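Note: hydrogens, waters and symmetry copies are ignored here, and every other heavy atom, side chains too, is used. Because the structure is a prediction, the values reported are computed rather than measured. Here is the naming used below: chain letters follow the sequence lines, and residue numbers restart at 1 for every chain.
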Amino acid sequence: MDETKYGWWLPVDVSTHGAKIDQLIAVLHWFMLLLFVGWGIFFVYCLWQYRARPGHLAIYAPVKAIATKYIEAFVVVVEVFLLFGLSTPVWLAYKSQPPDESKALHVRLVAEQFAWNFHYAGKDRKFGRTDLALIGGDNPVGLDPDSAEGKDDIVTVNQFHFPVHTPVILDISTKDVIHSFNIPVLRVKQDTIPGQRIPVWFEATDTGHFELGCAQLCGLGHYRMRADVLIDTPEDFAKWEQENAPPPQEAPAAAAPENHPAPEKK
Amino acid sequence: METAIPHLVEPHPVTGIPNGKFGIWLFLASEVMLFGALFSSYVLIRVGAPHWPPEGGLSSEVLNVPLGTFNTAVLITSSITMVLAWASCKMGSLPKFKLWMAATVGLALVFLVVKYFEYSDKFHHGHFPSHDNFYGIYFVLTGLHGLHIVGGIVVNTYLLTFGSKLWNVDREWFTNRVENAGLYWHFVDLVWIFLFPSLYLL
Amino acid sequence: MSDHAHAEHHEMPFWRKYIFSVDHKVIGIQYAVSALVFLLVGFSLMMIMRWQLAYPGQPLPILGKILGDTAMPGGVMAPEFYNQLGAMHGTIMVFMGVVPLAVGGFGNFVTPLQIGAPDMAFPRLNMISYWAFLPGGLIMLASFFVQGGAAQSGWTSYPPLSDIAPAGQTIWCFGMVLLITSSLLGSINFIVTIVQLRAKGLTYWRLPFFVHAQLVTAFLLLLAFPPLEAATVLQLMDRLAGTSFFLPSGLVVSGEQLKIAGGGNPLLWQHLFWFLAHPEVYVLILPAMGIVAEVIANNTRKPLWGYRLLVYSVVFVGFMSFVVWAHHMFMTGMGTTMSTFFQTTTMIISVPSVIILTCFIMSLYGGAIRFTTPMLFATAFLPMFAIGGLTGLPLGLTASDIYLHDTFYVIAHFHYVVAPGTLFALFAGIYYWYPKATGRKLNETLGKIHFWASFVAINFVFMPMFFQGMAGLSRRLYDPTIYAHGRGVQALNVVISWGAWGLGLAQLVFIVNFFLSLKSGARVAENPWNATTLEWATPSPPGHGNFLTEPVVYREPYEYSVPGKANDFSPQFSPEGDGPARPQPRGGA
Amino acid sequence: MAEHAQSENPEEFKKHLGRYYVVFVALLCLTAITVGVSYLKLNRPLAIAVALIIATVKAGMVAAVFMHLISEKKVIYAVLVLTALFFALVLLIPSFTAYEGHHIITGT
């Protein structure tokens, strides 16, 4: 797929909730521009009109300025509107109105220095058991391949596939330090906090090849902690799921060690 | 050549206190925030823990309550000896001041000795700060408190020895210094009053 | 002062007079000079970083070889070194540069003079503050030379990254403890001095605005710094004693389970850190506003507009700055109640900031503005601070913060507040009080070159960053061209870098001016700017003990152009309010 | 306050000493009570409430009498009120924020 074009302003938005964020950013910047320009004109006027020159004296008495009170009141009113009219509703929806679980694609994300590991539940839509002790080179999320639900699970590294027009619920966690899950075109960002599994959700409105980056300094490889975001058509996604499903295993030959060492307690 | 700073001894007409006393209260305010932040950390970590102490049991079984109680009594006693030391200055008796101040310093040392036995017992059983967050919090809070005790001992010993020469120069100034050292000392006692139940009993 | 015969006896040895001095003016100058050096160092780190950002992966000529193979293998910057530069740039600029200059430098030098005090309330404590600050700063710098280099987890030092970072982070912690101790002792001193040592007649409503700003700042330092000290102690324990205050159970670093007890919470650090670091933003900006107020009143030749409103606003801002900190943590997964609370407080705190700015602009209205170098810097402060302040809105609102959090937009925002904002105000202060400290004026022509070059260059540095941020570019990226949206704004990185190097060049003018004027600047009398506040009643430079006679204050701080008076300024210290209290050469008027 | 004036008659001052002893005894008694209560093994919330209330009373007595806060100057009250406010903030808000809608992984 072609690389998306990026400019000097907000990139294309392919999420269902992003338009409102963009709207808020636009309104904010018009408001800021209005204040700054209006205020700047007065500022420059003052600097010119009241420059020191022979015969010009400063006025001791303070000027009665009703206008400033109105401007300050205007600023307060606009801020209240921005806060409760535009920002808070978007935020509440973003944080506390998850999509219907049954219709959504559920994915787990395990971040590490310096990669993004995606754990898909596979056909049965159930995640296999994971264990820290199983984490290794070819098993980045510590998936137990023997667990009944885990047999069909798909784990990808730095490849995030999901279908368009389908709500995605992503449970975000990290193995080591704080990272930040950031897909600019989807207008989502969420820090990964060690010891927590935090859900985020979004729905794409368009297919394409985009980028996921780490937005929180996480070490020397922070800059290259990048993943491909591939928003597919539902058909393509199904095909991808099919192709990437692990081959059915015959016998648990490569079984995990019997007694996993419990997490160190000292 | 020394510049005379106003209100070094005589109280400011508006605030009613000399500089030193105001300074020590401001210092205590920052100390409140320091210990406040550590208590906050304690609360936050404890709320997040499924069990406290994490390895099971009760705090009172992990730490030595009789020793802790004894130390609480020691600090409370040292607080009143400190007040009496200051009161002796107020009443114009340097020998009495020295007596009470020596008692204060002595009690502080007793506190540290007891603390030493508590610590070494823990270390003996391999319970270092890294053992779990209960011990981490315990050692940080009591350790920092212990450092404050040491600081108090230094200041009080100074007032007891070299510092007391000021008595012959300016009694009021010296009495103020004793009062300020006392304020600090009572604060250290006050912190312990919260530390003891929070760490040992709950 | 005293005759030479006795001078031999009373004269203090060099080290008592200039090194371990208890004189607030000497300490102030020590602070200011050290802070300026640290600022230069911090700025240099950034100029090196800018090479990598403008020309990723290309070897840095000359300097690349000098810095050695660990930092710059083959002249190309290593990512670790980039992170060290970033972390140390932030730490140095905030904790060792701007605050020591604004509070330690100007606060120490100017405050006692402006309130008519002979010195700070606790001169020896003042000396200790400085001598905790300097080793703290030097330790920080020395950390570049330890195994693994300096701290590299950002100036915010978020654990767990900072907990598992190389030894430089431990040194960072020790350095911070010293710097914090220094600030705490200093703040106690400032509060007691301002409350207890004001001259006769100097009521709170007659205090120069600068002193009000310093008083509020001192309270912020006093009450906000201890939690960071606590957090730093906890981080030291995590690093040295193996505790897990910030480390939850089940961490796997590079495939290895960490051998720790676990059970901690990394967000604890963020709370304690930002509990300080947000008020710290106001510690940076309030003294700057104080300086701007002084310079504007002096150069518009009229009283400040809305002086009382300014004071109320500054107190309110100071108070509110304690309840906004978690807006730095919107993306950490906090619940909706607390995030709504914090974005509301953030919007509330913007209101007094708007009022302060309005007061300053209204102060220009009706004046007779002299565009001296300090005034140029103070004037430029206003639009620059306005940009910085306004762009705080999208970051303070949770919804827009989703997109803008941790992008270059943030960098642009707070640099507009701190660099062309606070630093310009500090430069205004340097040009304004240099004559008081040295007895000579800085060269005006060089000053104006310095101003215009800095003003143009600094906007080339920070304005493009807004666009980079808007394009979604994250901060702290060693190589932004990894990302497609980074490549889209890479051209701006070249502009920014050249802007930064140009800015560096402009500072050379200042350095030259600083030393040149020390030797050959125009000598000045007590009151070269025809100002009204108390510091101008003392000789330039003031001797030990400051005032020749005990000062008495007769009126408000900014009585300029009072109708019916012979002069256009009525100093606070002149009983008749008709010009200077003591005979002195008249300038103009 | 009269108590702080140096000019005060030492005999007059002596009368106030009694209250220090009263507070001293009260502090020791309260320490005994709080330790005693801990042996009752009350349920956690109640035990915490009781222990913290007793500790607050003790701390209040130390501050009020030993540190003379009962009759202190206004400026000190002002500083302490401000500090108490921010103390409450730093004590409570981090825990509120960290655990509101928390997603802590329990177990591994």
Examine whether an atom of [X] lies under 4.5 Å from a heavy atom of chain A, and if so say whether it belongs to the side chain, the backbone or both; otherwise answer neither.
{"X": "C:P159", "value": "backbone"}
{"X": "C:S244", "value": "neither"}
{"X": "C:Q490", "value": "neither"}
{"X": "C:L304", "value": "neither"}

For residues [X] and [Y], report the shortest heavy-atom separation together with the two atoms involved.
{"X": "C:Q152", "Y": "A:L217", "value": "O-CD2, 3.8 Å"}
{"X": "A:L212", "Y": "C:Y483", "value": "O-CE2, 3.9 Å"}
{"X": "A:Q196", "Y": "C:L267", "value": "NE2-CD1, 3.8 Å"}
{"X": "C:L397", "Y": "A:L24", "value": "CD1-CD1, 4.3 Å"}
{"X": "C:V351", "Y": "A:E79", "value": "CG2-OE1, 3.9 Å"}
{"X": "A:I135", "Y": "C:V252", "value": "CD1-CG2, 4.0 Å"}

What option among [options] has the most heavy-atom pairs under 4.5 Å with chain A?
{"options": "C:L477, C:T300, C:T156", "answer": "C:L477"}
{"options": "C:L404, C:V354, C:I348", "answer": "C:L404"}
{"options": "C:V489, C:T336, C:T332", "answer": "C:T332"}
{"options": "C:T379, C:T346, C:D401, C:T407", "answer": "C:T379"}
{"options": "C:Y403, C:F371, C:F246", "answer": "C:Y403"}
{"options": "C:S561, C:P248, C:G366", "answer": "C:G366"}

Report summary line: Test ring pair (Phe, Tyr, Trp, His ring centres under 6.0 Å), reference A:H29, set C:Y409, C:F467, C:F466, output is C:Y409
Gap separating the [atom1] atom of [X] from the [atom2] atom of [Y], nearest 0.5 angstrom:
{"X": "C:I482", "Y": "A:E211", "atom1": "CD1", "atom2": "CD", "answer": "9.5 Å"}
{"X": "A:K189", "Y": "C:D406", "atom1": "NZ", "atom2": "CG", "answer": "6.5 Å"}
{"X": "A:R53", "Y": "C:I369", "atom1": "CZ", "atom2": "CD1", "answer": "9.5 Å"}
{"X": "A:F31", "Y": "C:L393", "atom1": "CZ", "atom2": "CG", "answer": "6.5 Å"}
{"X": "C:L357", "Y": "A:E72", "atom1": "CG", "atom2": "CD", "answer": "10.0 Å"}
{"X": "C:S254", "Y": "A:K175", "atom1": "OG", "atom2": "NZ", "answer": "9.5 Å"}

Query raised in the report: Going through the checks in order, is the side chain to side chain contact (heavy atoms under 4.5 Å, CB included) test met by A:W39 and C:L382?
Result: CA-CA 10 Å; A:W39 179 92; C:L382 301 179; 4.2 Å; yes
Does [X] reach the side chain of [Y], with side-chain heavy atoms less than 4.5 Å apart?
{"X": "C:I402", "Y": "A:W91", "result": "yes"}
{"X": "A:I25", "Y": "C:M470", "result": "yes"}
{"X": "C:L364", "Y": "A:F43", "result": "yes"}
{"X": "C:P266", "Y": "A:I193", "result": "yes"}
{"X": "C:S474", "Y": "A:Y223", "result": "no"}
{"X": "A:M32", "Y": "C:T391", "result": "yes"}
{"X": "C:M362", "Y": "A:F42", "result": "yes"}
{"X": "C:W305", "Y": "A:T68", "result": "yes"}

Report task. For the residue pair A:Q49 and C:Y365, confirm or rule out a side-chain donor-acceptor distance under 3.5 Å. Result -> no
Interchain contact, [X] with chain C, by part (heavy-atom threshold 4.5 Å):
{"X": "A:L28", "value": "side chain"}
{"X": "A:V63", "value": "both"}
{"X": "A:V200", "value": "neither"}
{"X": "A:N182", "value": "side chain"}
{"X": "A:L47", "value": "both"}

Query raised in the report: Is there a side chain to side chain contact (heavy atoms under 4.5 Å, CB included) between A:F84 and C:T344 once you walk through the steps?
Result: CA-CA 9 Å; A:F84 295 111; C:T344 309; 4.1 Å; yes
Considering only heavy atoms and a distance below 4.5 Å, find which of [options] pairs most often with chain C.
{"options": "A:V75, A:I178, A:V90, A:I198", "value": "A:I178"}
{"options": "A:V80, A:L35, A:D176", "value": "A:D176"}
{"options": "A:R224, A:Q113, A:Q216", "value": "A:Q216"}
{"options": "A:C214, A:P11, A:P62, A:S96", "value": "A:P11"}
{"options": "A:L83, A:I21, A:I172", "value": "A:L83"}

I'd like to know if the side chain of [X] reaches the main chain of [Y], judged simply by a donor and an acceptor atom lying under 3.5 Å from each other, with no hydrogens or angles considered.
{"X": "A:H56", "Y": "C:G367", "result": "yes"}
{"X": "A:S87", "Y": "C:A399", "result": "yes"}
{"X": "A:E112", "Y": "C:V253", "result": "no"}
{"X": "C:N83", "Y": "A:G219", "result": "yes"}

Query - Crowding at NZ, A:K95 (>12 non-hydrogen neighbours, <6.0 Å) - result: yes
